[in-house]
Amino acid sequence: MNLKLTAALGVSALTLAATAGAQITFYEGEGFRGRAFTANRPMGDFQRAGFNDRASSVIVERGLWEVCEYPHFEGKCVFLRVGSYDSLGRMGMNDRVSSMREVDNHRRSTWDNSGPEPLDAPNYAYRRRPEERVYQARVISVHAVVGPPEQRA
């Protein structure tokens, strides 16, 4: 009995480790702009997170993910692997994602509906990262600065 318990705990630990390593971030605007929503576990309905039918771009940090147009992984679904997808419109999923889950080895055999290739060189310059603090400041004065680039502020 002790051997069965040890084996069950080992399998559980491996499953949790694989799930904890996966991460995906959705952005409200194309080009990784706007409000962001990050997840590292399956979500059957984006309505609870206030992000239903709002995603326009996505970055997959780790794992292979299935994103679906309807809650509970129904409707059109697309597989996304690690990389940056600056527009979900190219795959017909712009403002249509309602659920997502990490793909396990059993589901990897259904690669016929994989998404497009991720960007070769992702452009992170303008994306707001999760947990990033944004400050607003009241502008009280603006002055034009003219001169060589090394003298500009």
Side-chain angles (χ1 to χ4, degrees), residues 1-139 153:
M1 174 134 169
N2 193 16
L3 182 60
K4 287 182 183 180
L5 180 60
T6 303
L9 287 174
V11 169
S12 297
L14 286 174
T15 303
L16 288 173
T19 302
Q23 183 172 325
I24 186 168
T25 302
F26 295 92
Y27 293 86
E28 204 167 36
E30 289 190 348
F32 320 111
R33 294 189 168 113
R35 197 167 54 120
F37 168 67
T38 300
N40 60 5
R41 62 178 187 238
M43 182 166 280
D45 189 353
F46 277 22
Q47 190 70 37
R48 296 183 318 197
F51 220 80
N52 190 48
D53 294 337
R54 293 184 184 266
S56 294
S57 56
V58 63
I59 296 175
V60 178
E61 299 285 343
R62 293 179 298 278
L64 172 66
W65 293 85
E66 178 182 33
V67 297
C68 302
E69 69 177 332
Y70 297 131
H72 310 294
F73 321 107
E74 295 182 5
K76 178 182 177 180
C77 296
V78 177
F79 291 108
L80 302 176
R81 65 174 191 247
V82 172
S84 301
Y85 302 85
D86 64 342
S87 174
L88 291 176
R90 280 188 240 137
M91 58 189 93
M93 297 294 282
N94 190 46
D95 293 336
R96 299 183 75 175
V97 177
S98 295
S99 60
M100 56 82 192
R101 62 183 165 190
E102 186 180 14
V103 179
D104 60 12
N105 287 329
H106 179 263
R107 300 267 308 155
R108 286 180 195 249
S109 63
T110 58
W111 264 94
D112 58 330
N113 59 344
S114 62
E117 292 291 316
L119 295 174
D120 289 333
N123 178 6
Y124 295 112
Y126 297 106
R127 77 173 171 116
R128 181 172 174 204
R129 288 129 178 109
E131 314 296 325
E132 180 180 14
R133 291 184 179 183
V134 178
Y135 298 97
Q136 290 184 338
R138 194 174 124 236
V139 177

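Considering all non-hydrogen atoms of both residues, L88 and A55 come closest at CD1-O, 3.6 Å.
Between the side chains of E30 and S56, no donor-acceptor pair is found at a separation under 3.5 Å. There is a side-chain donor-acceptor pair under 3.5 Å between S98 and N52.
For the atom pair CZ of F26 and CZ of R54, the computed distance is 14.5 Å after rounding to the nearest 0.5 Å. Interatomic distance, R96 CZ to E69 CD, rounded to the nearest 0.5 Å: 4.5 Å. The CZ atom of R101 sits 5.0 Å away from atom CZ of F73, with the distance rounded to the nearest 0.5 Å. Taking SG of C77 as the reference point, atom CE of M100 lies at 12.5 Å (rounded to 0.5 Å). Taken from CD in E102 to CG in N40, the straight-line distance is 9.5 Å, to the nearest 0.5 Å. Rounding to the nearest 0.5 angstrom, the gap separating the CD1 atom in I24 from the CG atom in L80 is 5.5 Å.
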### From CA spacing to verdict: side-chain contact (heavy atoms from CB on, under 4.5 Å), Y70, S99
CA-CA 6 Å; Y70 297 131; S99 60; 6.0 Å; no
### Task
Evaluate side chain to side chain donor-acceptor pair (under 3.5 Å) for D86 paired with S57, printing each intermediate quantity in order.
CA-CA 5 Å; D86 64 342; S57 56; over 6 Å; no
### Test log, rule side-chain contact (heavy atoms from CB on, under 4.5 Å), inputs V103 and F79
CA-CA 8 Å; V103 179; F79 291 108; 3.2 Å; yes
### Task
Output, in order, the C-alpha distance, side-chain angles, deciding distance and verdict of side-chain contact (heavy atoms from CB on, under 4.5 Å) for M43 and R48.
CA-CA 9 Å; M43 182 166 280; R48 296 183 318 197; 4.1 Å; yes
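Side-chain contact between Y27 and V58 is absent, with no heavy-atom pair separated by less than 4.5 Å. M93 places a side-chain heavy atom less than 4.5 Å from the side chain of K76. Within the 4.5 Å cutoff, the side chain of T38 has heavy atoms near those of the Q23 side chain.
Y85 does not carry R90 over the face of its six-membered ring by the limits of under 6.0 Å from the centre and within 45° of the normal.
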